[in-house]
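The sequence lines fix the lettering, A, B, ..., with proteins before strands; numbering per chain opens at 1. Only heavy atoms go into these numbers, but all of them, side chains included; no hydrogens, no water, no symmetry mates. No experiment lies behind these values; they were computed from the predicted model shown.
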Amino acid sequence: MMPHWIAAVYFVAALVMILGLKAMSSPLTARRGIFQAGIAMALATVVTFWHPQVAGNIALIIAAIGLGSVVAWISGKRVAMTDMPQMIALYNGMGGGAAAAIAAVELLKHGTHTPLALALGVGGALIGTVAFSGSLIAFAKLQGWMRKLWRFRGQQILNLLLFVTIVVLGVIIATGQDHWLLISAFFALALLFGVLLTVPIGGADMPVVISLYNALTGLAVGFEGFVLEIPAMMIAGIVVGAAGTLLTQLMANAMNRPLSNVLFAGFGAEEGATAAAEGGTMKAIDAQDAAILMAFAEKVIIVPGYGMAVAQAQHKIWELVGLLNQRGVKVSFAIHPVAGRMPGHMNVLLAEAGVPYDVIYDLDDINAQFATTDVALVIGANDVVNPAARDDTSSPIYGMPILNVDQSKNAIVIKRGQGTGFSGIQNRLFVGDNTRMLYGDAQKVAQSLISGVKAL
Amino acid sequence: MDAWTALYVFMLAAVAGYEVIAKVPAVLHTPLMSGSNFIHGIVLIGAMVALGQASGWIEQFIGFVAVFMAAANVVGGYVVTERMLEMFKSSGARS
């Protein structure tokens with residue numbers, strides 16, 4: 001039995017964490033929220049050293065905490081803002097893996113657990129393991145280590161068979177057959193399942209998938225909390241499970257796609273169909289001509305994407321907008337819900353550069369205006385302006401709402417090179433008749449455009 | 001804990017989690033995902049309990065990995081959330 005004072009600290013920690021999460025859902029109180037939750041977590045961790053079941057291996061525990069903390073601290077501090085989504089995936093995978101490892105230790109100990117605890121323990125192990133390997137794949141994809149979508153015929157059936165096998169194994173283990181070989185096979189197959197589930201999903205969908213795995217990790221943590229009889233773990237885990245599920249739903253809604261479409265859209269896709277949009281050549285333009293085109297336009301819409309974030313070009317772009325405004329050009333910004341791979345990413349960067357909110361528009365508010373726009377300037381965005389999403393049913397991003405840049409009179413696309421975008425999909429916009437490519441780093445290009453406009 | 005009590009805890013926690021996130025602006029989706037990622041780092045206390053009673057090198061090894069990963073979840077989750085929300089503060093102050 002846990003001493004009352006430890007139980008009391010856990011109780012308060014669970015409450016503060018929920019309140020902290022609540023505070024994080026408003027921009028004004030968000031920082032206070034994470035700070036409170038951090039204090040609660042630190043307190044809960046420290047008192048656990050007095051938990052009666054933490055009977056030995058104290059040196060190992062301290063070493064593991066120290067090592068894990070240092071590695072995560074350094075990587076978390078160093079990572080560029082643009083790489084945040086994959087770091088979240090990585091740390092989330094760690095949590096899922098931890099939940100699964102807890103289950104593994106409990107199973108290997110052949111301890112006395114109630115049937116319900118065994119069932120939840122095994123269920124949590126499966127969910128945690130899938131979240132672990134799935135998150136690592138998501139990390140590798142976002143990091144650019146895995147560009148291929150890796151789809152093949154019968155993938156869906158293979159996954160289903162695999163899942164059924166894992167569940168059967170899990171049921172056998174939960175009924176008390178806890179031979180180590182069975183347990184190893186169970187975990188190995190669950191790892192494989194997480195990998196197979198994630199490899200066919202395109203990079204543009206990754207934030208949604210990471211959010212889903214985040215919810216799954218929460219669920220796994222909640223289940224293992226029941227096994228270990230730590231209510232704070234149950235509560236915090238399930239709160240994250242529910243909040244994460246809702247968040248996943250909200251993100252999928254922002255892309256106007258049901259979650260099932262995000263997860264399974266790739267399955268059964270015809271081999272090689274994604275290359276269909278190829279053909280045509282990209283036509284380059286130099287910064288001087290692009291500057292002239294924009295300076296003499298009436299209406300310009302700027303579509304920022306990941307490329308602007310990478311190059312930190314937002315300040316230069318805003319300077320350019322100021323010059324264009326002086327010449328009487330009406331400039332607005334169009335932000336796709338998932339531009340930059342992190343919802344809200346572009347809003348943050350533009351706000352940082354001082355761009356007022358009233359010239360920034362959401363997809364629904366601005367899409368009709370492209371047809372009457374003289375120049376659409378795309379800065380390092382790709383999938384969110386790909387017309388294939390509208391009409392090419394074989395495209396992995398088919399169905400995602402896009403900004404209709406291809407309907408504007410002229411489109412200028414700032415891009416670092418000629419390669420395909422993040423998701424590896426060809427973009428028909430780039431070879432369009434009224435599209436000109438402006439190659440280079442977004443910040444340098446913006447500088448050239450500024451000089452170009454000034455020189456007129 | 002008996003099954004019914006557990007079910008009540010799960011049910012109430014799920015409702016709380018749902019309510020806490022409902023009606024959140026799209027700008028905060030990623031920080032919230034990151035923040036909730038930090039919250040499930042509470043798995044650390046479970047990992048400590050698991051390693052604390054592990055015996056034999058296999059259990060100790062798995063327990064060690066569990067604590068290591070859980071600690072990385074906690075610290076990494078906190079650091080990236082904090083950094084992301086820092087950006088929001090600067091944008092909020094300007095608007």
Visitor: For each of A:Gly56, A:Ala236, A:Gly225, tally heavy-atom pairs with chain B at distances under 4.5 Å, and name the one with the top tally.
Guide: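 The answer is A:Gly56.
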
Visitor: Side chain from CB out, backbone as N, CA, C, O: work out which of these in B:Ile58 comes under 4.5 Å of a heavy atom of chain A, or both, or neither.
Guide: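 Only the side chain of B:Ile58 comes within 4.5 Å of chain A.
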
Visitor: Calculate, to the nearest 0.5 Å, the distance between atoms CZ and CE belonging to B:Arg83 and A:Met87 respectively.
Guide: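 Answer for the CZ-CE pair, B:Arg83 versus A:Met87, is 9.5 Å.
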
Visitor: Could you list all the side chain to side chain donor-acceptor pair (under 3.5 Å) pairs where at least one residue sits in residues 214-236 of chain A, not counting sequence neighbours?
Guide: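 For residues 214-236 of chain A, and leaving out neighbouring residues, the side chain to side chain donor-acceptor pair (under 3.5 Å) pairs sorted by first residue read A:Asn92-A:Thr217, A:Asn214-B:Ser36, A:Asn214-B:His40.
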
Visitor: Out of A:Gly33, A:Gly38, A:Gly237, A:Gly96, which one racks up the most heavy-atom pairs below 4.5 Å with chain B?
Guide: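 Going by pairs under 4.5 Å, I would pick A:Gly38.
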
Visitor: Let me know if B:Val43 has heavy atoms under 4.5 Å from chain A in its side chain, its backbone, both or neither.
Guide: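 Both the backbone and the side chain of B:Val43 come within 4.5 Å of chain A.
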
Visitor: Select one option (side chain, backbone, both, neither) describing which atoms of B:Leu51 are under 4.5 Å from chain A's heavy atoms.
Guide: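 Both the backbone and the side chain of B:Leu51 come within 4.5 Å of chain A.
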
Visitor: Just so I understand: if I count every heavy-atom pair under 4.5 Å between each of A:Leu67, A:Leu116, A:Thr248 and chain B, which residue has the most?
Guide: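 Most pairs with chain B among the choices: A:Leu67.
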
Visitor: Under a plain distance cut-off of 3.5 Å, with no hydrogens placed, do B:Asn37 and B:Ser34 share a side-chain donor-acceptor pair?
Guide: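 Side-chain D/A pair, B:Ser34 to B:Asn37: absent.
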
Visitor: Determine the option with the most heavy-atom pairs under 4.5 angstrom with chain B, choosing from A:Leu90, A:Leu246, A:Val54.
Guide: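 Among A:Leu90, A:Leu246, A:Val54, the one with the most close pairs to chain B is A:Leu246.
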
Visitor: For A:Ala63, is it the side chain, the backbone, both, or neither that has a heavy atom closer than 4.5 Å to a heavy atom of chain B?
Guide: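 Contact with chain B: backbone and side chain both.
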
Visitor: Decide whether A:Thr48 and A:Tyr10 meet the rule of one side-chain donor and one side-chain acceptor closer than 3.5 Å.
Guide: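 Yes, a side-chain donor-acceptor pair sits under 3.5 Å.
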
Visitor: With only heavy atoms counted, which part of A:Ile58 is less than 4.5 Å from chain B, the side chain, the backbone, both or neither?
Guide: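 A:Ile58 has no heavy atom closer than 4.5 Å to chain B.
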
Visitor: Which pair of heavy atoms, one from B:Ala72 and one from A:Ala72, lies closest together, and at what distance?
Guide: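 Closest pair (atom of B:Ala72, atom of A:Ala72, distance): O-CB, 3.4 Å.
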
Visitor: Quick one: do B:Glu82 and A:Arg31 satisfy salt bridge (charged side-chain N to carboxylate O under 4.0 Å, His left out)? Show the steps, please.
Guide: CA-CA 7 Å; B:Glu82 183 19 66; A:Arg31 292 191 87 199; 3.3 Å; yes

Visitor: A:Ser75: which residues meet the side chain to side chain donor-acceptor pair (under 3.5 Å) condition with it, sequence neighbours left out?
Guide: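 With neighbours one apart ignored, the set is A:Tyr91.
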
Visitor: Is it the side chain or the backbone of B:Val65 that comes within 4.5 Å of chain A heavy atoms, both, or neither?
Guide: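 No part of it gets close to chain A.
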
Visitor: Among A:Ile235, A:Ile230, A:Val221, which residue forms the greatest number of heavy-atom pairs with chain B at distances under 4.5 Å?
Guide: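 The residue among A:Ile235, A:Ile230, A:Val221 with the greatest pair count is A:Val221.
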
Visitor: With a 4.5 angstrom heavy-atom cut-off, which part of A:Arg32 approaches chain B: side chain, backbone, both or neither?
Guide: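 A:Arg32 has no heavy atom closer than 4.5 Å to chain B.
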
Visitor: With a 4.5 angstrom heavy-atom cut-off, could you sort out which part of B:Val79 is near chain A: side chain, backbone, both or neither?
Guide: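 It is the side chain, since no backbone atom gets that close.
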
